[in-house]
Q: 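What follows is a structure written as structure tokens; I'll ask about it next.
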2 protein chains.
Amino acid sequence: MKKITIGDASRQSGVKVPTIRYYEGIGLLAAPSRSEGNQRSYEPADISRLVFIRHARELGFEVEAIRTLLTLQDDPHQSCASADAIAKARLIEVEQRIRSLMALKVELEAMVEGCGHGRVDQCRVIEVLADHGQCAHPHHGLPVSSLSVS
Amino acid sequence: MKKITIGDASRQSGVKVPTIRYYEGIGLLAAPSRSEGNQRSYEPADISRLVFIRHARELGFEVEAIRTLLTLQDDPHQSCASADAIAKARLIEVEQRIRSLMALKVELEAMVEGCGHGRVDQCRVIEVLADHGQCAHPHHGLPVSSLSVS
DNA sequence: CCTACATCCTCTAGCGACTAGAGGTGCAAG
DNA sequence: CTTGCACCTCTAGTCGCTAGAGGATGTAGG
């Protein structure tokens, strides 16, 4: 048995070292055995689990959803209805988010296009922001709190 | 002059009461005058500023970008090149985010469709998550850290 | 065997943009 | 005068990490 250090686990899974420790802390990944010098030593199964987690995160699943998906994976005789429901919910979220972003895109394009590159008092960017009534769409349908840049 | 309470300011602007106080704390909104009983008393101009901020947040602008946009608005003789640049940068972000989400949508649809609604050991949702090689696309192009649900 | 140096360890604090709650005060209606 | 809501300040929590301090371990070369 060759021992997999946390650094190797990171390179093999694509999950950063501090993130692996973080996942252990929140109980997404079981605490691995330790070397004599107290260093974490992973098994190939842990790498698979990390890849699973990373992929799910890339797909935008929340940690709590991933926790559920992982317990499902651990017990393959269960019905996969929950996994299906989680994926479907995420799909709906993604579709809604795409629609919202499309509306934003239209509005941002109008702002940028309308800007005559002059002074601020003629700038459509500033103007549109100050007066929501000028929007192409009445609203974008998202609570302010739910916005993210990325 | 009728005094506008923070509650009225909230209702008129669509920004929640604690968020208004938060914006004051981070210097996005000037501290208003106070009533005898130490309660905030807003002017109509403050409401406009809050509407501006809310709209910009709805469009996904970061607080720091909004801070810049607000200083531009406060000095209308400046060139609006910065405002234009901020809006353009945001537009590019939105376009990239839409592309990423479209890729996710394709993958999630394949997962959901492939699920035979049986047991977990035949579930494509779990399977795809465990093995990134099964993805339609090699990757989604986003760092894990940049993902958000909304 | 000694020294570098990378990698590992734990722990705490910070990010952005709020949100929730505790514990207390102001104010307007009945 | 009391009820009850809206307001006040302050601290701490949310999510999913990320950064840094300060120290221990492991490995490769001399």
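Chain naming here is simple, since letters A, B, ... match the order of the sequence lines and numbering starts at 1 in each. Worth knowing before you read on, the calculation uses all heavy atoms, side chains too, and leaves out hydrogens, waters and symmetry mates.
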Q: Can you measure I6(A) atom CD1 to dT25(D) atom C1' for me and round it to whole angstrom units?
A: 14 Å
Q: Salt bridge check, D74(A) against R49(A): does any charged N sit closer than 4.0 Å to a carboxylate O?
A: yes
Q: Closest to the V63(B) side chain: dG26(D), dC18(C), dT18(D)?
A: dC18(C)
Q: Atom NZ of K16(A) to atom P of dC8(C): distance rounded to whole Å?
A: 15 Å
Q: Measuring to OP1 and OP2 of dC8(C), would you say a side-chain N or O of S35(A) lies under 4.0 angstrom away?
A: no
Q: Specify the separation, in whole Å, of atom CZ of R34(B) and atom C1' of dC7(D).
A: 10 Å
Q: Among dG16(D), dT18(D), dC8(C), which nucleotide sits nearest the side chain of T5(A)?
A: dC8(C)
Q: Starting from the C-alpha separation in whole Å, work towards a yes-or-no answer on side chain to side chain contact (heavy atoms under 4.5 Å, CB included) for V51(B) and S13(B).
A: CA-CA 5 Å; V51(B) 167; S13(B) 67; 4.3 Å; yes
Q: E93(A) and side chain to side chain contact (heavy atoms under 4.5 Å, CB included): which single residue from E95(A), R90(A), R97(A) fits?
A: R90(A)
Q: So what does R21(B) touch, heavy atoms closer than 4.0 Å: a base, only the sugar-phosphate, or nothing?
A: base
Q: Between Y23(A) and dG16(D), is there a side-chain N or O to OP1/OP2 distance below 4.0 Å?
A: no
Q: Starting from P on dC9(C), measure out to CD1 on I20(A) and report it in whole angstrom.
A: 10 Å
Q: Whole angstroms only, please: what is the CZ-C1' distance between R57(B) and dG16(C)?
A: 9 Å
Q: Atom CG of N38(A) to atom P of dT7(C): distance rounded to whole Å?
A: 19 Å
Q: Judged by each residue's nearest nucleotide on DNA chain D, which is more toward the 5′ side, Q39(A) or Y22(A)?
A: Y22(A)
Q: Whole angstroms only, please: what is the CZ-P distance between R40(B) and dT25(C)?
A: 17 Å
Q: Please report the distance, rounded to the nearest Å, between NZ in K3(A) and P in dC9(C).
A: 13 Å
Q: What do the steps show when you test I20(A) against Y42(A) for side chain to side chain contact (heavy atoms under 4.5 Å, CB included), and what is the final call?
A: CA-CA 11 Å; I20(A) 294 176; Y42(A) 291 95; 3.3 Å; yes
Q: Between G37(B) and G37(A), name the one whose nearest nucleotide on DNA chain C is closer to the 5' end.
A: G37(A)
Q: Would you call R21(A)-E24(A) a salt bridge at under 4.0 Å N-O?
A: no
